[in-house]
Peer 1: 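What follows is a single structure, and I will ask about it in a moment.
Both counts, for ligands and for their atoms, begin at 1 and track the order of listing. Computation of the quantities below employed the complete heavy-atom set of this structure, encompassing side-chain atoms and omitting hydrogens, waters and symmetry-equivalent molecules.
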Amino acid sequence: MELHHAAATLITLSLFLLPSTTTAHNITAILAKYPDFSTFNNYLTATLLSPEIYRRDTITVCAIDNAAMDRFLSNDLTLGAIKNVLSLHILLDYFDAEKLLLLPNGTAQSPTLSPPPASVQITNLNGGNVGFSPKAAPVAATFVKSVESVPYNLSVIQISAALLISAAAPAPAPAPSEANPTAAMSAHGCSVFAALLVSSAEAERAFEANNVTGLTVFCPVDDAMISFIPIFENLTDDGKQALLEYHGMGFYASLSGLRSTNGEVSTLATDGAAKQFRLNVVNDGDDVTIKTPMVTAKIVGTVLDKDPLAIFQLDKVLMPLEVFRSPALAPSPAAGDYSLPAPDAPAESPADGSHRKPNGAAARFISNGEEHHD
Ligand SMILES: *[C@@H]1O[C@H](CO)[C@@H](O)[C@H](O)[C@H]1NC(C)=O
Ligand SMILES: *[C@@H]1O[C@H](CO)[C@@H](O)[C@H](O)[C@H]1NC(C)=O
Ligand SMILES: *[C@@H]1O[C@H](CO)[C@@H](O)[C@H](O)[C@H]1NC(C)=O
Ligand SMILES: *[C@@H]1O[C@H](CO)[C@@H](O)[C@H](O)[C@H]1NC(C)=O
Ligand SMILES: *[C@@H]1O[C@H](CO)[C@@H](O)[C@H](O)[C@H]1NC(C)=O
C-alpha cells in the first residue's frame with residue numbers, strides 16, 4: 001500500500017514535471033501512450049506533420065481513433081490528400097474541453113496547419129455537443145473527449161471523425177501548381193532525370209498522380225545522373241521504374257519541414273504492405289541528407305518549393321537495395337562502384353522480384369506492423 005502510494009506520487013510528480021523538462025509538444029511520444037490513436041499517430045509521422053507540431057508553442061491536435069481513421073482511409077486517397085486533411089486537424093490555437101464547451105459566441109474559427117484561407121469552424125451545438133467543420137462545410141465531427149493538455153500551450157482532444165469535406169475534394173487544396181515538374185527540372189540542372197522520367201510512362205504516371213494533392217521530388221543533378229546511366233541501363237524496365245519512383249514522395253514536404261525531420265519516409269515506389277523502398281531523412285545543421293542502405297545523398301539545391309510541389313536537387317542517385325538485390329530487377333551485377341551491403345536485413349523485395357505499382361490505396365502507405373507500444 002505504502003509502495004503503491006509512493007509510486008503514484010512519483011507518477012504524478014513526473015507528469016507534473018513533464019512539460020518543463022521535455023519537449024511538451026512531441027506529439028509522437030504523447031500519442032504513443034494511447035494505442036487507440038496509433039494509426040493517426042503513424043500518419044502524422046509519415047506525412048512529416050509531427051515536426052510541424054514540435055515547432056509550435058500553441059496548438060490543438062484533434063485526434064481520431066483507429067476506427068475513424070480506417071473509415072477515412074477507405075476513401076483511397078493519395079498520401080498528399082491525407083496530409084491535406086490531417087493538416088486541418090492541427091489547430092493553431094489552444095482549445096481544451098473547458099474552452100470548447102464555453103465558446104464566448106457559441107462559435108469560433110481557428111487557423112490550422114493547412115494554409116489560409118483554410119480554417120476550422122467550431123460550434124456549440126444543442127445538447128452540449130461541440131461540432132467541428134472545415135470552413136464553409138457542414139459539421140464533420142463532434143468533440144469526444146480531452147486526451148491530454150498542457151494549459152495554453154498544447155491540447156490533444158479526440159473528435160469523432162476526419163474533417164473530410166468529400167471524398168472527391170477531401171480538403172481545401174492549395175492552388176494547383178502552375179509549374180510543370182519535368183520542365184522545371186530540365187531548366188534547373190536535372191534534365192537527365194527529367195528525360196528518364198518521361199521515357200518511363202509508368203513512373204511518369206506515378207509522379208503525375210500526385211501533382212495536385214502534393215508531390216516532393218528528389219532529382220539527382222545531371223553530373224550524378226550521367227555517370228549513373230551505365231548502371232541504370234542494366235536494369236529491367238520494372239527496375240528502372242522503381243528506381244525513378246524511389247526519387248518521389250506522394251506529399252508536399254517543404255525544405256524547412258525536411259530540416260526538422262529525422263526518420264523514415266515512404267516513396268512513390270513503396271507498395272506499403274512491407275516496409276520497402278523507404279528513405280531515411282537525416283539532418284545535420286542546415287544540411288539535409290537522404291540515406292539509403294546503399295547511398296547517402298545530400299540536398300544541394302531547391303528547384304521549386306511551393307505547396308503542393310517541391311523539387312530538390314540531390315548530389316547522388318538514390319539506389320534502392322530492393323532493386324539491386326533482386327536478380328529480376330537488376331539482372332547483371334550492375335551496382336558499379338557501389339558495393340552491395342551484406343544482407344543483414346531480410347530481403348524485402350517480393351519473392352518473384354516483380355515491382356507492383358502503388359495505386360493510391362491509403363492504408364498501404366503505412367505498414368501494419370509499425371505500431372510501437374512502449
Ligand atoms: C519524439 O518522441 C519519439 C518517440 O518517443 C522519438 O522517437 C523522437 O525522437 C522524439 N522527437 C523529438 C523531436 O524529440
Ligand atoms: C508555452 O507557450 C509560451 C508562449 O506562448 C512559451 O513561452 C512557453 O515556453 C510554452 N511552454 C511550453 C512548455 O512549451
Ligand atoms: C463575439 O462576437 C462579437 C460581435 O460579433 C465580436 O465583437 C467578438 O469579437 C466575438 N468574440 C469572440 C471571442 O469571437
Ligand atoms: C498533372 O498531371 C495531369 C495528369 O494526371 C496532367 O494532365 C497535368 O498537366 C499535370 N500538371 C502539371 C502541372 O504537371
Ligand atoms: C551491365 O551488364 C553487362 C552484361 O551483363 C555487364 O558486362 C556490365 O558490366 C554491366 N554494367 C555495369 C555498369 O554494371
Side-chain angles (χ1 to χ4, degrees), residues 10-66 69 79 82-83 86-87 89-92 94 112-113 146-158 216 249 251-267 270 272 274-276 278-293 296 298-299 310 312 344-345 365-374:
L10 206 67
I11 289 167
T12 316
L13 203 68
S14 58
L15 278 179
F16 197 72
L17 290 173
L18 201 64
S20 52
T21 53
T22 64
T23 37
H25 303 94
N26 186 340
I27 191 67
T28 314
I30 292 172
L31 287 177
K33 293 181 280 175
Y34 304 92
D36 272 0
F37 298 118
S38 61
T39 310
F40 181 80
N41 200 11
N42 287 343
Y43 274 86
L44 289 186
T45 303
T47 55
L48 305 189
L49 283 169
S50 323
E52 300 284 340
I53 298 171
Y54 304 148
R55 286 195 286 175
R56 316 251 166 186
D57 275 338
T58 306
I59 210 142
T60 301
V61 177
C62 304
I64 60 177
D65 68 11
N66 296 343
M69 261 320 268
L79 195 54
I82 294 168
K83 179 174 188 175
L86 294 185
S87 299
H89 287 239
I90 319 300
L91 312 182
L92 304 182
Y94 177 83
T112 71
L113 272 188
S146 176
V147 176
E148 218 163 277
S149 65
V150 179
Y152 312 113
N153 284 83
L154 170 74
S155 169
V156 181
I157 60 172
Q158 181 186 357
T216 302
M249 299 196 295
F251 60 93
Y252 166 73
S254 65
L255 187 58
S256 58
L258 289 173
R259 280 208 175 112
S260 46
T261 298
N262 281 297
E264 276 200 335
V265 292
S266 60
T267 66
T270 303
K275 276 194 181 184
Q276 350 156 280
R278 302 278 194 114
L279 300 173
N280 214 356
V281 180
V282 180
N283 278 277
D284 181 15
D286 274 352
D287 285 345
V288 179
T289 56
I290 312 292
K291 290 194 173 180
T292 79
T296 296
K298 194 163 97 180
I299 292 185
F312 303 111
D344 41 18
F365 290 111
I366 306 286
S367 75
N368 295 328
E370 208 185 68
E371 298 162 19
H372 305 285
H373 308 296
D374 294 339

Peer 1: For ligand 1, which atoms have a heavy atom of Ala29 less than 4.0 angstrom away?
Peer 2: 2 (O), 5 (O)
Peer 1: Taking atom types as modelled and ignoring hydrogens, do the side chains of Tyr34 and Glu148 form a donor-acceptor contact shorter than 3.5 angstrom?
Peer 2: yes
Peer 1: Measure across Pro35 and Asn66 and return the closest heavy-atom pair with its distance rounded to 0.1 Å.
Peer 2: O-ND2, 3.1 Å
Peer 1: So, the side chain of Lys83 versus the backbone of Phe251: is there a donor-acceptor pair under 3.5 Å, distance only?
Peer 2: no
Peer 1: How close do Tyr43 and Leu79 get, heavy atom to heavy atom, and via which atoms?
Peer 2: CE2-CD1, 3.9 Å
Peer 1: Quick check on contacts: which atoms of ligand 1 are under 4.0 angstrom from a heavy atom of Tyr54?
Peer 2: 1 (C), 11 (N), 13 (C)
Peer 1: N/O of Asn26 under 3.5 Å from N/O of ligand 1, yes or no?
Peer 2: yes
